[in-house]
Amino acid sequence: MMEIREKIIESLQEALKKIKVKKYPEVLLERPKERGHGDFTTNLSFSLAKELKKPPQEIAKSLVKHLEARPKIIEKVEEAKGFINFFLAEELLFENLIQILRKEKNYGKSETGKDKRIQIEMVSVNPTGPLHVGHGRGAAFADTLANILEASGYQVEREYYINDIGTQIENLGKSLRARYLELLGEEVEFPEYGYQGEYLIEMAHRLKDREGDKHRKEKIEFFTQYASSDIIEGIRKDLEDSGIRIDSWKKESDLHREGKVKEVIDNLKKKGYLYEREGALWFRSSQFGDEKDRVIKKKDGSSTYLASDIAYHEDKFKRGFDHLVNIWGADHHGYVERLQAAISALGHPKENLDIILYQLVKLSRSGKPVAMSTRKGEFITLREVMDEVGRDVTRFSFCMRSSYSHLDFDLELAKKESPENPVYYVEYAHARISSIFKKAKEKKVKRKKIQEIDLKLLNTPEEKSILKLLALFPDIVTSCAQNYQVHSIPNYLREVASEFHTFYNRHRVLSEDAELTQARLTLVKGIRIVLRNGLRLLGIKAPERM
RNA sequence: GCGCCUGUAGCUCAGUUGGAUAGAGCAUCGGAUUUCUAAUCCGACGGUCGCAGGUUCGAAUCCUGCCGGGCGCGCCA
C-alpha cells in the first residue's frame with residue numbers, strides 16, 4: 001500500500017505544478033472514516049486556501065481536473081466539500097491479495113529498520129518478589145512491541161536488567177533469613193523494611209527441606225544471593241510461560257564488578273559535570289533539563305542507583321546499538337529526565353534513547369480496590385491471572401489498550417468475562433477458515449493455480465471491504481513500529497475477524513459454482529494469513545479448531 | 001504545593017500527526033441457523049467528548065483556567 005500512497009502524492013504534486021502552485025505544504029493523505037469518502041483523502045486545498053485566496057472547493061476542483069486517473073491504481077478522483085477523495089481501482093486489491101498469498105508469513109513485514117540494531121530494556125523488575133499483573137502488562141506490551149519492530153526489519157535485542165544489589169535486595173535477604181530461622185525455632189525479629197509476602201515463607205520452607213539447618217550461621221549475603229536468584233528463576237519461568245522472550249539478562253552487580261560504574265563516574269568528572277557538596281558527589285543534571293541536580297555518590301562512599309543506571313546505558317551504547325528503547329512503568333517517570341540528562345552529558349544524542357512509559361494497572365477484586373505492594377506481600381501475580389484466564393486472554397487484554405490508558409483490572413471480572421474476550425472472536429475466525437479448508441479437502445475440491453483464478457468474482461460489498469482491510473495490514477504494523485504502540489494490532493484483528501464473520505454468514509465459500517469457490521478460497525486464505533501474522537505479533541496462537 | 005499521565009455511551013475503551021454525520025465490545029431489548037463451527041450474524045437503545053473560555057475555514061484532538069482520578073516528587077531501587 002505504501003507505493004500507492006506515494007503514487008497518489010506524486011500525481012497531486014504534478015497537478016499542483018499544472019495549476020502553477022509552487023509553494024505548498026507537505027501533501028498528507030489520510031484514510032477517511034466514512035466509506036463514501038473514498039480510500040484516501042487529502043485536505044490539501046484547505047491548507048492552500050489562505051495563500052491562494054480562493055475557496056478550498058475551487059482549488060480542489062481545479063486540482064481534480066488535472067489529476068489524470070491512473071487506471072490501474074485510481075479508479076476515481078472527486079472533490080467533495082473541499083476535500084479530494086481517491087477511489088482505488090479494484091485490480092489493485094486483487095493484486096494485493098495475490099501478494100498476501102505469495103508473501104505469506106512475510107506479509108506485513110517491512111524493511112523500515114533494515115540494518116538498524118535496537119535494544120529494548122524490558123520488565124527489569126527488581127528480584128524482590130514474583131511478577132504481578134502490573135508487570136505483566138509491561139512485559140506483554142514490550143514483547144509485542146519487540147515483535148513489531150522485528151517485523152519492521154530491526155534487529156532487536158530484548159534485555160532484562162536485574163537490580164541485584166542495594167538496600168532492597170539486602171532487605172530481601174534479611175527477610176529470608178528471618179523466615180528461615182523462624183522455621184528452625186529461633187526467635188527473630190522481622191526486619192523493619194522486610195518483605196512480608198507468603199512467597200518468602202515458602203522459600204524458607206524449601207530451603208529447610210532441602211538443606212536442613214546447615215545455614216543457621218550463614219551471613220546475610222548467602223540469603224540475599226539465595227533469595228534473589230530463586231526469585232529470578234521464578235520470573236524467568238513466568239515470562240517463559242507467557243511466551244515472553246528475553247535474549248539477555250544483565251546484572252547491576254556485574255557493572256560494578258567490571259568497574260563500569262567507576263569508569264562512568266570518572267568520565268563525567270573529567271567532563272566537569274560533577275561537584276561535591278555536603279560530603280556527597282553530585283551530577284549537574286539540571287544543566288541538561290532536569291529540575292535539580294542528583295546525587296551520584298553518597299556520603300558513605302557508595303554510589304547511587306542512578307550511577308549504575310548511567311553506567312548501564314553507557315554500556316548499551318558501547319555495545320553498538322543504534323537505538324535504545326526502555327519500557328518503564330509510569331511510576332518511574334520522575335526518573336526519565338535525569339537519565340536523559342546523563343545520556344546528553346555523555347555526548348549521546350538524546351533521540352537515541354526512547355523511554356516508553358506504560359500506565360500502571362489499577363487493580364481490584366470484585367470491585368474493591370487492591371493496593372499492590374511487593375513489600376507487604378499484597379498483590380495478584382501474573383501467574384495467578386494466567387492460570388485463571390489463560391495466556392491468550394492475558395496477552396490480548398494487555399495489548400488491546402494504549403499504554404497511556406490507566407487500565408482497570410478486576411480479577412473476578414476478568415475470570416467472568418474471559419469466555420467473551422475478543423481474543424476468542426479472532427481465534428474463532430481463524431478456526432472457521434481452517435475448518436473450511438478441511439471441508440474442501442474432504443470434498444476433494446482441487447485448488448487451482450492463483451493465475452487461473454478469476455478474482456473479479458469477489459464482487460460483493462463484503463468481499464470488497466475485506467480486500468481493502470487486508471491491504472491495510474502492513475500500514476498498521478509500520479505505524480505501530482513508528483509510534484511504539486501496539487494496541488492497533490488487536491483492534492485491527494478484531495475488525496478483520498468481524499468482517500470475516502459477516503461475510504461467512506452471508507455467503508458460502510464452498511458452493512456449486514466452481515469458479516466462485518476458487519476465488520473465495522483464495523480470499524479466506526488471505527484472511528487467514530493476516531490473522532495468523534497479527535496473532536503471531538501478539539504472541540498468541542492461531543488455533544485450527546476450537 | 002510542584003511535575004507527569006488521564007477524563008469520550010450504563011461499564012471497559014478506540015478515535016491514524018486538527019477534518020466531513022464521534023465509533024467498537026460488554027450490558028439491555030428484539031430477530032436470524034435442516035448449509036463451510038451459533039465462541040457467529042442482523043437490528044434497536046444509548047453522547048453537553050469533565051466544565052468554561054481561546055486559537056481557525058474546521059477542535060474529542062492544540063492553548064489557558066477550573067474540577068475529578070492515577071502516579072511521582074530520598075544521599076531507596
Side-chain angles (χ1 to χ4, degrees), chain A residues 26 28 30-34 36-37 41-43 46-47 49-50 55-56 80-83 85 126 128 163 165-169 171 193 252 277-282 291-292 294-306 308-309 329-337 357-360 362 397 400-402 404-410 413 417 419-425 427-429 431-440 442-443 472 475-476 479-480 482-483 485 487-488 490-491 494-495 497-498 500-511 517 520-521 524 545-546:
Chain A
E26 194 194 349
L28 290 179
E30 51 192 312
R31 189 155 54 96
K33 17 185 170 182
E34 194 73 32
H37 296 148
T41 184
T42 182
N43 59 358
F46 288 92
S47 25
K50 203 173 239 176
K81 293 185 182 168
F83 295 93
N85 298 337
N126 289 355
T128 52
N163 306 119
I165 49 173
T167 26
Q168 296 195 18
I169 293 295
N171 286 332
Y193 295 103
E252 184 184 356
R277 197 177 78 201
E278 294 159 17
L281 195 59
W282 295 70
E291 56 176 333
K292 54 185 174 191
R294 309 287 171 177
V295 170
I296 208 161
K297 203 184 223 178
K298 299 180 231 172
K299 222 187 282 180
D300 67 6
S302 63
S303 56
T304 60
Y305 176 74
L306 177 63
S308 311
D309 221 14
D331 52 339
H332 288 80
H333 78 251
Y335 208 79
V336 171
E337 290 206 328
L357 300 176
Y358 63 91
Q359 292 300 322
L360 303 179
K362 233 189 319 178
S397 305
M400 240 168 90
R401 307 305 186 195
S402 143
Y404 301 117
S405 74
H406 300 251
L407 209 56
D408 284 326
F409 193 93
D410 189 312
L413 206 65
E417 284 182 352
E420 281 134 35
N421 193 283
V423 72
Y424 294 124
Y425 184 79
E427 291 182 350
Y428 185 53
R432 266 183 155 175
I433 295 173
S434 301
S435 170
I436 294 172
F437 280 105
K438 220 174 80 191
K439 201 82 181 181
E442 280 168 24
K443 282 184 154 185
L472 289 176
D475 276 0
I476 304 270
S479 91
C480 279
Q482 275 166 356
N483 304 321
Q485 279 297 341
H487 64 280
S488 324
N491 289 324
R494 218 183 29 179
E495 215 176 319
S498 166
F500 165 73
H501 287 308
T502 300
F503 162 77
Y504 183 89
N505 271 275
R506 286 195 190 151
H507 309 287
R508 279 194 66 84
V509 175
L510 305 175
S511 67
T517 299
R520 286 189 171 161
L521 277 172
V524 295
R545 190 179 333 150
M546 286 174 79

Separation of B:U12 C1' from A:Asn491 CG (nearest whole Å): 12 Å
Touch class at under 4.0 angstrom, heavy-atom based, for A:Ala429 against every strand present: nothing
B:U8 versus B:C51 - spacing of their C1' atoms, nearest Å: 14 Å
Sugar-phosphate, base or nothing in reach of A:Leu407, heavy atoms under 4.0 Å: sugar-phosphate
Span that lies between the P atom of B:C62 and that of B:A24, in whole angstrom: 24 Å
Sugar-phosphate only, base, or nothing, as touched by A:Lys299 at under 4.0 Å among non-hydrogen atoms: base
Sugar-phosphate, base or nothing in reach of A:Phe437, heavy atoms under 4.0 Å: nothing
Separation of B:U61 C1' from A:Tyr404 OH (nearest whole Å): 14 Å
Any donor-acceptor N/O pair, A:Asn483 side chain to A:Ser479 backbone, under 3.5 Å: yes
Phosphate contact (B:A77 OP1 or OP2) by A:Tyr193 side-chain N/O below 4.0 Å: no
Under 4.0 angstrom between A:Ser405 side-chain N/O and B:A14 OP1 or OP2: yes
A:Thr304 side chain to A:Val295 backbone, donor-acceptor under 3.5 Å: yes
P gap between B:G15 and B:A9, integer Å: 15 Å
Side chain of A:Asn163 (C-beta onward), nearest among B:A77, B:C71, B:C41: B:A77
Heavy-atom pair of closest approach, residues A:Lys292 and A:Arg294: O-NE, 3.4 Å
Donor-acceptor under 3.5 Å (A:Thr41 side chain, A:Asn85 main chain): no
Side-chain N,O (A:His487) to OP1/OP2 (B:G15) below 4.0 Å: yes
Atom P, compared across B:C66 and B:G72: separation rounded to whole Å: 24 Å
Phosphate OP1/OP2 of B:G74: any A:Thr304 side-chain N/O under 4.0 Å: no
Side chain A:His406 and base B:C5 donor-acceptor under 3.5 Å: yes
Touch class at under 4.0 angstrom, heavy-atom based, for A:Ser479 against every strand present: nothing
Nearest-angstrom distance from the residue atom NZ of A:Lys81 to P of B:G19: 16 Å
Atom NZ of A:Lys298 with >12 non-hydrogen neighbours under 6.0 angstrom: yes
Rounded distance (Å) that lies between atom P of B:U17 and atom CG of A:Asn483: 8 Å
pair A:Ile436-A:Leu510: side-chain heavy atoms closer than 4.5 Å: yes
Position toward the 5' end of RNA chain B (nearest nucleotide), A:Val295 or A:Pro419: A:Pro419
Interatomic distance at C1', B:U21 relative to B:G58, whole Å: 14 Å
Distance in angstrom units between A:Tyr305 OH and B:C76 P, rounded: 14 Å
hbond_proxy A:Ser402 side chain to B:A14 base (donor-acceptor, 3.5 Å cutoff): no
d(CD, A:Glu278; C1', B:C75) in whole Å: 9 Å
Presence of A:Lys298 side-chain N/O under 4.0 Å of B:A77 phosphate oxygens OP1/OP2: yes
Spacing of the C1' atoms in B:G30 and B:U16 (rounded, Å): 36 Å
Touch class at under 4.0 angstrom, heavy-atom based, for A:Ala330 against every strand present: sugar-phosphate
Is_stacked (A:Phe83, B:A20) at 5.5 Å, 30 deg: yes
CG on A:Asn163 to CG on A:Asn126, rounded to 0.5 Å: 4.5 Å
Which nucleotide in B:C75, B:C36, B:A77 has an atom nearest any side-chain atom of A:Ile436: B:C36
Per-pair stack call A:His37 and B:A20, 5.5 Å, 30°: yes
Proximity to the side chain of A:Arg401 - top-ranked nucleotide from B:C36, B:C5, B:C13: B:C13
Residue mapping more 5' on RNA chain B - nearest nucleotide basis, A:Pro56 or A:Lys292: A:Pro56
Pair of N/O donor and acceptor under 3.5 Å linking B:G3 base with A:His333 side chain: yes
Structure string for RNA chain B in dot-bracket form, Watson-Crick and G-U at under 3.5 Å, | interchain: (((((((..((((.....[...)))).(((((.......))))).....(((((..]....))))))))))))....
Pairwise side-chain contact, A:Asp475 with A:Arg31, heavy-atom cut-off 4.5 Å (strictly under): no
Any A:Val524 side-chain heavy atom under 4.5 Å of A:Phe503 side chain: yes
Distance in Å, A:Glu30 CD paired with A:Phe83 CZ, rounded so as to fall on 0.5 Å steps: 8.0 Å
Sugar-phosphate, base or nothing in reach of A:Ile165, heavy atoms under 4.0 Å: sugar-phosphate
Sugar-phosphate only, base, or nothing, as touched by A:Ala80 at under 4.0 Å among non-hydrogen atoms: base
Sugar-phosphate only, base, or nothing, as touched by A:Arg494 at under 4.0 Å among non-hydrogen atoms: sugar-phosphate
A:Leu357 CG to B:G3 P, straight-line distance once rounded to whole Å: 18 Å
Whole-Å gap separating C1' (B:C75) and CG (A:Asp300): 8 Å
Sub-6.0 Å ring centroid separation between A:Tyr504 and A:Tyr428: no
Base B:G19 paired with A:Asn43 side chain (donor-acceptor, <3.5 Å): yes
Pairwise C1' distance for B:U28 and B:G46, with rounding to whole Å: 10 Å
A:Asn505 side-chain proximity, nearest of B:C36, B:C41, B:G69: B:C41
Between B:G70 and B:C76 - P atom distance, rounded Å: 28 Å
Selection from B:A38, B:C73, B:C42 that lies nearest to any side-chain heavy atom of A:Thr502: B:C42
No-H, no-angle donor-acceptor pair, A:Asn421 side chain to B:A39 base, under 3.5 Å: no
Crowding at CZ, A:Arg545 (>12 non-hydrogen neighbours, <6.0 Å): no
